[in-house]
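Here the structure is a predicted model, which is why all the values come from computation and not from measurement. Proteins get letters first, then strands, A, B, ... in listed order; numbering begins at 1 in each.
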There are 2 protein chains.
Amino acid sequence: MAKEASYKDKKVITIGIVRELTGLSERQIRYYEERKLIFPERTSGGSRKYSFADIELLMEIAEKIEDGVQTYEIRQEMKKKNADATKLRNKMIQGQLNAQFGTRKR
Amino acid sequence: MAKEASYKDKKVITIGIVRELTGLSERQIRYYEERKLIFPERTSGGSRKYSFADIELLMEIAEKIEDGVQTYEIRQEMKKKNADATKLRNKMIQGQLNAQFGTRKR
DNA sequence: CAACGATGTTAGAAAACCTTACATATAATT
DNA sequence: AATTATATGTAAGGTTTTCTAACATCGTTG
């Protein structure tokens with residue numbers, strides 16, 4: 001069930017590096033977390049750890065912000081996208097089950 | 001010529017995370033650098049930055065060390081492997097050129 | 001104008017990292 | 001056997017990086 005965390009998804013990058021890679025300020029990066037757009041992990045000492053995927057997401061966020069989109073709206077878009085992906089995934093799983101065991105009506 | 005640095009090769013991971021991921025001590029990680037087995041980059045402030053490839057290499061190194069191989073020998077193996085790869089690469093480039101422009105004797 | 005959104009800046013503290021040096025226990029060399 | 005080299009731990013002191021919290025600014029929206 002749990003997917004192998006690939007390089008892209010492993011949270012191993014500190015905020016300073018993220019700053020360099022994205023060109024965003026640390027203030028901005030932390031603020032987008034506060035607005036629930038990104039979810040870094042933490043070291044035992046409390047330092048934030050990001051993945052490459054987070055970095056890509058941050059760059060998308062930055063673009064939207066530049067286009068005048070507010071963090072709240074971005075959050076809504078993300079929620080929707082997640083919900084859609086979940087729905088699709090469930091539908092596919094259901095399809096798998098039906099293929100294996102046949103459809104049962106009602 | 002320069003290859004696009006993929007996630008695997010980008011030097012973005014600090015030594016503390018490398019310690020966690022490899023199980024090696026920072027002392028060991030720095031020592032293997034001193035013995036020219038790994039080559040982290042540095043932040044402007046001087047902190048080491050490693051790639052996922054470095055981490056995999058470190059784990060291979062750790063295995064060999066456990067098997068009693070010395071860093072010096074590991075270094076020699078690496079040199080040889082690099083030399084071989086370079087030779088092969090050059091041979092392939094030569095092949096490409098011959099295919100395009102024909103072989104010229106002497 | 002008041003409230004909110006987004007970002008900068010500052011301050012002080014804690015965590016992470018750096019180098020250098022000394023200690024130790026094996027292992028290799030002479 | 002004595003010496004040298006390898007591999008690692010640990011300590012000290014210093015610098016860099018990160019953290020949170022607070023206050024400031026400036027633009028937008030109600």
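Annotation: B/Lys49, atom NZ; neighbour count of heavy atoms from other residues, nucleotides and ligands within 6.0 Å is above 12. Around the CZ atom of A/Phe39, the shell of radius 6.0 Å holds more than 12 heavy atoms that belong to other residues, nucleotides or ligands.
The side chain of A/Arg48 places an N or O atom within less than 4.0 Å of a non-bridging phosphate oxygen (OP1 or OP2) of D/dC19.
Following rounding to the nearest Å, A/Gln28 (CD) and D/dT25 (C1') show an atom-to-atom distance of 15 Å. Look at CD1 on A/Ile13: it is 16 Å from C1' on D/dT17, rounded to the nearest Å. As rounded to whole Å, 19 Å separates atom C1' of C/dC4 from atom CZ of A/Arg75. The separation between B/Arg27 atom CZ and C/dT20 atom P is 12 Å, rounded to whole Å.
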Going through the distances and angles, do A/Glu77 and A/Lys64 end up as a salt bridge (Lys or Arg N to Asp or Glu O under 4.0 Å)?
-> CA-CA 11 Å; A/Glu77 290 173 24; A/Lys64 290 183 185 169; 2.9 Å; yes
What's the verdict on salt bridge (Lys or Arg N to Asp or Glu O under 4.0 Å) for A/Glu34 and A/Arg30, showing C-alpha distance, side-chain angles and the deciding distance?
-> CA-CA 6 Å; A/Glu34 188 182 322; A/Arg30 295 201 189 97; over 6 Å; no
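Taking the side chain as every heavy atom from C-beta outward, A/Tyr31 and A/Thr71 approach each other to under 4.5 Å. A heavy-atom distance below 4.5 Å is not found between the side chains of B/Tyr50 and B/Glu41.
The stretch residues 30-42 of chain A touches DNA chain C through A/Tyr31, A/Tyr32, A/Arg35, each having a heavy atom within less than 4.0 Å of the strand. Shown for residues 50-72 of chain A: no residue has heavy atoms falling under 4.0 angstrom of DNA chain D.
Electrostatic pairing of B/Glu56 and B/Lys8 counts as a salt bridge here, judged by a charged N lying under 4.0 Å from a carboxylate O.
Checked by atom type and distance alone, the side chain of B/Gln28 pairs as donor or acceptor with a backbone atom of B/Ser25 at under 3.5 Å. Between the B/Thr22 side chain and the B/Val18 main chain, a donor and an acceptor come within less than 3.5 Å of each other. With hydrogens and angles disregarded, a donor-acceptor distance shorter than 3.5 Å links the side chain of A/Thr86 to the backbone of A/Asn82.
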Between the protein and nucleotides 10-16 of chain C, are there any N/O to N/O pairs under 3.5 Å, and if so, what are the atom names and distances?
from   : atom 1 : to      : atom 2 : distance (Å)
C/dA16 : OP1    : A/Thr43 : OG1    : 2.9

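Screening B/Arg75, B/Arg42, B/Arg27 for a salt bridge (Lys or Arg N to Asp or Glu O under 4.0 Å) involving B/Glu33 leaves a single residue, B/Arg42.
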